[in-house]
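Letters go in sequence order (proteins before strands), and every chain restarts at 1.
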Amino acid sequence: MNDERVPDSPTDDDLPEQMRVRREKRARLLAAGVDPYPVEVPRTHTLAQVRASYSELAPDTATGDRVAVTGRVMFIRNTGKLCFATLREGDGTELQAMLSLNKVGEDALSAWKADVDLGDHVFVAGEVITSRRGELSVLADEWRLAAKSLRPLPVAHKELAEETRIRQRYVDLILRQQARETVRNRAAVVRSLRESFHSRGFTEVETPMLQTMHGGATARPFATHSNALDAELFLRIAPELYLKRCVVGGLEKVFEINRNFRNEGSDSSHSPEFAMLEYYEAYATYDSNAVMTRELIQEAALAAFGSLTVTLADGTDYDLSGEWTTLTMYGSLSDALGEEVTPETPVDVLRKHADAHGAELDPKLGHGKLIEELWEHLVGNDLYAPTFVRDFPIETSPLTRQHRSRPGVAEKWDLYVRGFELATGYSELVDPVVERERLEDQARLGAAGDDEAMQLDEDFLRALEYGMPPSGGVGMGVDRLLMALTGLGIRETILFPQVRPE
RNA sequence: GGGCCGUUAGCUCAAUUGGUAGAGCUGCGGACUUUUAAUCCGUAGGUUCUGGGUUCGAGCCCCAGGCGGCCCA
């Protein structure tokens, strides 16, 4: 042990009383030869196993069976010669421990009262019984500390402040069953996605997160530097251009579930670091991949929640069953405006519509952006039931194939759920000459100061020049899928969201 | 980026017009062999986010900043 203090580390005198008391208990135990952090304890059963084995005991039953269990002390009730403690283990299962003077003896009982605090991990061995009130319990003949807690837990029956829940997620997980369930639900959803892909013959790949060019989406990237290459690198904003290289190479059904990074602020539906699912399939189109995306989501709902109707955090039910509504962007916007708009509608007419509906839009926006912003304002934000919106303006969809019959629009859909964008799907643009023109437009925007514009990725174009089969592709935010299925904000679906340093 | 709101004990929150900063739980001491947020008695715990200012006097008013939330862009 090292007694030298780091200059900034607090001395015991600075600590609140409750923390000082626990540190003193730890020191006292060590001095008495008791290890407050033993390397192991001889546990024979989990709390869940005990609960499962003795589910139907009458009150005041003695089974004669001895078990040795562990758990975190969540509540303590002492009555002189008889002590009760509620133990909890990882999955939230609780079991009562009882320490009676005539079973453990005077020394062990007074040590229990003196040494054990709320939050400590303890080991308790004894007979499985039920109390007079019928509570399943372990009546200890032996107990021991498994790990001493040096910080007082927040009071268990008041809701923890949201900031503390996020900054100290470990405390949130200790206290809130819902916090633990959210983590498991997310794992179940991601697992279901993978299984859905595997059952359809897709291959999971991992493509670069450190990229020399940022592309595949329009967003500001995080920039970093490689010392070895002496080159600027970017944390990826999307895996799209690499997944398409895979399709060129003959991996005709590929998917990736991994992190993307966008150098932007966070709010209730955005996080600078977020999990993204993208998948590409040769000979698919935006029609077929819309069907598959719906199936993926429905299969995830069934796998994680057992139903196509999920219960959201506010208690309301949300129906994901059946086929979902499909709109076109221009059609639904025309209906909302009460006047026909098309890809030919001039910018000044669109701007008048924006003014008339109180949408303050950047005067530099062109036709495509104006349409999308107006649509989001007037239609998208109010789409509650799952809805596919199809046929976006071509100029804001640089990686998407032009519509096979309708000029000016792209074969692209967005999936909206409860007013936010959950996924997007394309019939992919595979003509390398047209793709080069689109990326050159993007590069011009970038040169003009648009720091969200894509860069011109020559290697990607070279790959396309070898010939990419007609393909459909989809991107879906995994955090947002959890939001859609649970009604939680994005910072609840992410275990450790970004927070400003304390 | 703009506007509004919040920031007080370990946790959740009070504090009247600017006049001694309180409660519950937690903690500490004590009683209690069937409790379930145990109960009862006693008791401790504060740089009121930070820094300036006004005032006889500031948790409260003013200025600047930090952190957080909501709304808008």
Side-chain angles (χ1 to χ4, degrees), chain A residues 10 12-25 28 57-62 71 73-88 94-106 108-110 112-120 126-127 129-140 149-168 171-172 174-176 220 264-270 354-355 357-365 369-370 373-374 376-377 381 419 489-492 497-502:
Chain A
D12 285 2
D13 294 345
D14 297 331
L15 291 173
E17 182 196 13
Q18 298 192 39
M19 287 176 59
R20 207 174 59 237
V21 165
R22 290 180 182 227
R23 275 168 166 71
E24 285 164 3
K25 286 183 183 179
R28 196 186 67 226
L57 289 184
D60 214 10
T61 303
V73 177
M74 299 307 293
F75 298 106
I76 288 181
R77 300 169 292 279
N78 291 343
T79 68
K81 299 190 177 70
L82 181 61
C83 298
F84 300 88
T86 302
L87 306 186
R88 183 187 290 167
E94 294 184 344
L95 190 69
Q96 179 166 273
M98 294 170 64
L99 291 92
S100 163
L101 176 64
N102 59 24
K103 285 282 182 199
V104 289
E106 196 165 337
L109 190 69
S110 58
W112 172 272
K113 290 183 196 171
D115 300 341
V116 174
D117 291 302
L118 288 178
D120 288 355
E127 184 180 0
I129 63 162
T130 51
S131 70
R132 282 178 205 163
R133 295 283 178 88
E135 185 76 36
L136 185 64
S137 308
V138 174
L139 179 59
S149 165
L150 294 185
R151 283 182 185 265
L153 284 177
V155 53
H157 27 273
K158 290 281 187 181
E159 205 158 279
L160 204 56
E162 191 188 344
E163 189 182 352
T164 311
R165 293 213 319 256
I166 290 171
R167 283 190 188 271
Q168 301 185 42
V171 174
D172 189 30
I174 291 170
L175 294 176
R176 271 174 63 236
R220 284 180 63 184
E264 298 162 354
S266 56
D267 59 32
S268 57
S269 65
H270 294 78
D355 292 344
H357 289 85
E360 288 174 36
L361 300 179
D362 188 333
K364 293 195 294 286
L365 297 185
K369 268 285 179 193
L370 274 171
E373 296 278 344
L374 261 180
E376 215 173 306
H377 190 77
N381 291 342
I490 198 167
R491 278 186 297 267
E492 295 298 331
Q498 282 296 327
V499 283
R500 249 178 234 276
E502 280 177 272

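For Val155(A), the listed nucleotide lying nearest its side chain is C11(B); candidates were U26(B), U33(B), C11(B). Set against U26(B), C28(B), U12(B), the side chain of Leu160(A) has U12(B) as its closest nucleotide.
Atom CZ of Phe75(A) is separated from atom P of C25(B) by 14 Å (rounded to the nearest Å).
Contact annotation: side chain of Gln18(A) to base of U26(B), donor-acceptor pair present below 3.5 Å. If you check distances only, the side chain of Ser100(A) does reach the base of U33(B) with a donor-acceptor pair under 3.5 Å. Below the 3.5 angstrom threshold, one finds a donor paired with an acceptor across the side chain of Gln96(A) and the base of U35(B). A donor-acceptor contact under 3.5 Å links the side chain of Ser131(A) to the base of U35(B).
Under 4.0 angstrom from either OP1 or OP2 of U34(B) there lies no side-chain N or O belonging to Arg133(A). The side chain of Lys25(A) contributes an N or O atom lying less than 4.0 Å from OP1 or OP2 of C28(B). Phosphate proximity of C11(B) to Arg151(A): absent, as no side-chain N or O sits under 4.0 Å from OP1 or OP2. The shortest distance between the side-chain N/O atoms of Arg77(A) and the OP1/OP2 oxygens of A38(B) is below 4.0 Å. The phosphate of U12(B) (OP1 or OP2) has no side-chain N or O of Lys158(A) nearer than 4.0 angstrom.
Base pairing of G19(B) is made with C56(B), judged by Watson-Crick or G-U wobble geometry with both donor-acceptor distances under 3.5 Å. Base pairing of C40(B): its partner is G30(B), meeting the Watson-Crick or G-U wobble criterion (both donor-acceptor distances under 3.5 Å).
Using a 4.0 Å heavy-atom cutoff across all strands shown, Arg491(A) reaches sugar-phosphate atoms only and no base atom. Base contact: Asn78(A) has a heavy atom under 4.0 Å from a base atom.
Formation of a donor-acceptor pair under 3.5 Å by the Lys81(A) side chain with backbone atoms of Glu106(A) is not found in this model.
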